[in-house]
Amino acid sequence: MLILALLRSLFPSQSGFCTCLSFRVNELYVDDPDKDSGGKIDVSLNISLPNLHCELVGLDIQDEMGRHEVGHIDNSMKIPLNNGAGCRFEGQFSINKVPGNFHVSTHSATAQPQNPDMTHLIHKLSFGDTLQVQNVHGAFNALGGADRLTSNPLASHDYILKIVPTVYEDKSGKQRYSYQYTVANKEYVAYSHTGRIIPAIWFRYDLSPITVKYTERRQPLYRFITTVSHPGPRASRVPAICAIIGGTFTVAGILDSCIFTASEAWKKIQLGKIH
């Protein structure tokens, strides 16, 4: 009880105390961690095209399983920008766990514009559940904030994504599934024998066979007493708690001795033995 009281005094914040009594194990392995997903991955996309009317903006999805959907509209909305001159597209949809692409384009428009302006700003692109876990800093929204507003208006944009399955397991054993991704991109104006090809914003994806897993575990008390991990760019081990507790007792002993000596001196003064 004394040790726990000292630990509480050293770590007044309950969250800080609990953090010191736990640690995270990072693993890499080859497997599909979310076998109950039905072979699907949820996608959340939020993108602004400030110079393209909403009636021209559409989302198309295709993959190697033969899916080819033009003008996907389920769970999506378009918000006019700049007095109707631009559009913000927000959508949630699912993709199959096979290589493919989804792209923002004018392909679903009733009439194709002559010079569609594909300059854009990506607010969010994420896959799977959102992981909001302290000290887990992954590339879950790697394209968030990608600004192509000063690009060539007639250019297409290719974003090449490598999606990495990610699992977080808390101390109770409950697992949450998400996906990180790496990205490379290029910008180009494409031509064919009939002339310039209508530009689009392409997100071409493939899945990594490697899964990243973060596991929270409780640290044995004996290990915590002997060493403490200090977070930082380089985790360092220092002899913490034993030294701190020992130092606390030493200081307490010195204070007790001083108080006792002063008390005895005062008693003697009161008795007139010291003039």
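No hydrogens, no waters, no symmetry mates; every other heavy atom, side chains included, goes into these values.
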Quiz item: Under the side-chain hydrogen bond (donor to acceptor under 3.5 Å, both in side chains) test, which residues partner S48, sequence neighbours left out?
Solution: H123
Exercise. Give a yes or no answer on whether the side chain of T166 reaches the backbone of V164 with a donor-acceptor pair at less than 3.5 Å.
Key: yes
Self-check item: By side-chain hydrogen bond (donor to acceptor under 3.5 Å, both in side chains) - contacts of S105 (at least two apart)
Solution: D60, H107
Practice problem: Scan residues 143-207 for pairs that pass disulfide bond (SG atoms under 2.5 Å apart), counting only residues two or more places apart or in two chains. | Solution: none
Quiz prompt | Residue pair L125 / Y181: nearest heavy atoms and the distance that separates them | solution = O-OH, 2.7 Å
Practice problem: Step by step, work out the side-chain contact (heavy atoms from CB on, under 4.5 Å) result for Y159 and L143. | Solution: CA-CA 9 Å; Y159 295 101; L143 276 173; 3.7 Å; yes
Practice problem: Only counting residues at least two apart or in another chain, list the ones meeting side-chain hydrogen bond (donor to acceptor under 3.5 Å, both in side chains) with Q112. | Solution: T106
Practice problem: With sequence neighbours left out, write down each residue that passes ring pair (Phe, Tyr, Trp, His ring centres under 6.0 Å) with Y179, or none if nothing qualifies. | Solution: none
Quiz item: Apart from I73 itself, what residues make up its hydrophobic cluster when side-chain heavy atoms of I, L, V, M, F, W and Y under 4.5 Å apart count as a link, directly or indirectly?
Solution: none
Practice problem: Side-chain contact test, heavy atoms from C-beta onward, threshold under 4.5 Å: evaluate it for L161 versus D206 and give yes or no. | Solution: no
Quiz item: Excluding sequence neighbours, so at least two apart, what forms salt bridge (charged side-chain N to carboxylate O under 4.0 Å, His left out) with E90?
Solution: R88
Quiz item: For N115, which residues count as a side-chain hydrogen bond (donor to acceptor under 3.5 Å, both in side chains) partner, sequence neighbours excluded?
Solution: R196
Self-check item: Residue pairs fulfilling salt bridge (charged side-chain N to carboxylate O under 4.0 Å, His left out) with at least one residue in residues 97-109, sequence neighbours excluded
Solution: D32-K97
Quiz item: Between E169 and K213, is a salt bridge (charged side-chain N to carboxylate O under 4.0 Å, His left out) present by the stated rule, with each step listed?
Solution: CA-CA 8 Å; E169 182 177 315; K213 183 178 182 181; 3.1 Å; yes
Quiz item: Are the side chain of N82 and the backbone N or O of A85 linked by a donor-acceptor pair below 3.5 Å?
Solution: no
Quiz prompt | Heavy-atom pair of closest approach, residues S94 and R67 | solution = O-NH1, 2.8 Å
Quiz item: Taking ILVMFWY side chains as joined if any heavy atoms are under 4.5 angstrom apart, and letting links pass through other members, which residues group with V70?
Solution: none
Quiz item: Would a distance-only check, ignoring hydrogens and angles, find a side-chain to backbone donor-acceptor pair under 3.5 Å from N96 to V98?
Solution: no
Quiz item: Can you tell if the side chain of V104 reaches within under 4.5 Å of the side chain of W202, non-hydrogen atoms only?
Solution: no
Quiz item: Given the rule that I, L, V, M, F, W and Y join up when any side-chain heavy atoms are under 4.5 Å apart, are I163 and I61 in one cluster?
Solution: yes
Exercise. Can you tell me which residue pairs pass the disulfide bond (SG atoms under 2.5 Å apart) test with a partner in residues 71-114, sequence neighbours excluded?
Key: C54-C87
Quiz item: Would you find more than 12 non-hydrogen atoms of other residues, nucleotides or ligands less than 6.0 Å from K186 atom NZ?
Solution: no
Quiz prompt | Reference residue T119; test side-chain contact (heavy atoms from CB on, under 4.5 Å); the match among L52, D147, N51 | solution = N51
Quiz item: Is there a donor in the side chain of D129 and an acceptor in the side chain of Y177, or the other way round, less than 3.5 Å apart?
Solution: no
Exercise. With the side chain counted from C-beta on, respond yes when I41 and L207 share a heavy-atom pair under 4.5 Å apart, and no when they do not.
Key: yes
Self-check item: Pair F203 and F102, ring centroids less than 6.0 Å apart
Solution: yes
Quiz prompt | Any side-chain heavy-atom pair of L59 and S76 under 4.5 Å | solution = no
Self-check item: Nearest atoms (heavy-atom pairs only) where Q62 meets Y205
Solution: O-OH, 4.3 Å
Throw together a table of side-chain donor-acceptor distances under 3.5 angstrom for residues 148-156, partners on residues two or more places apart or in other chains.
from : atom 1 : to   : atom 2 : distance (Å)
S151 : OG     : R148 : O      : 3.3
S151 : OG     : E187 : OE1    : 3.2
N152 : OD1    : L154 : N      : 3.0
S156 : OG     : A200 : N      : 3.1

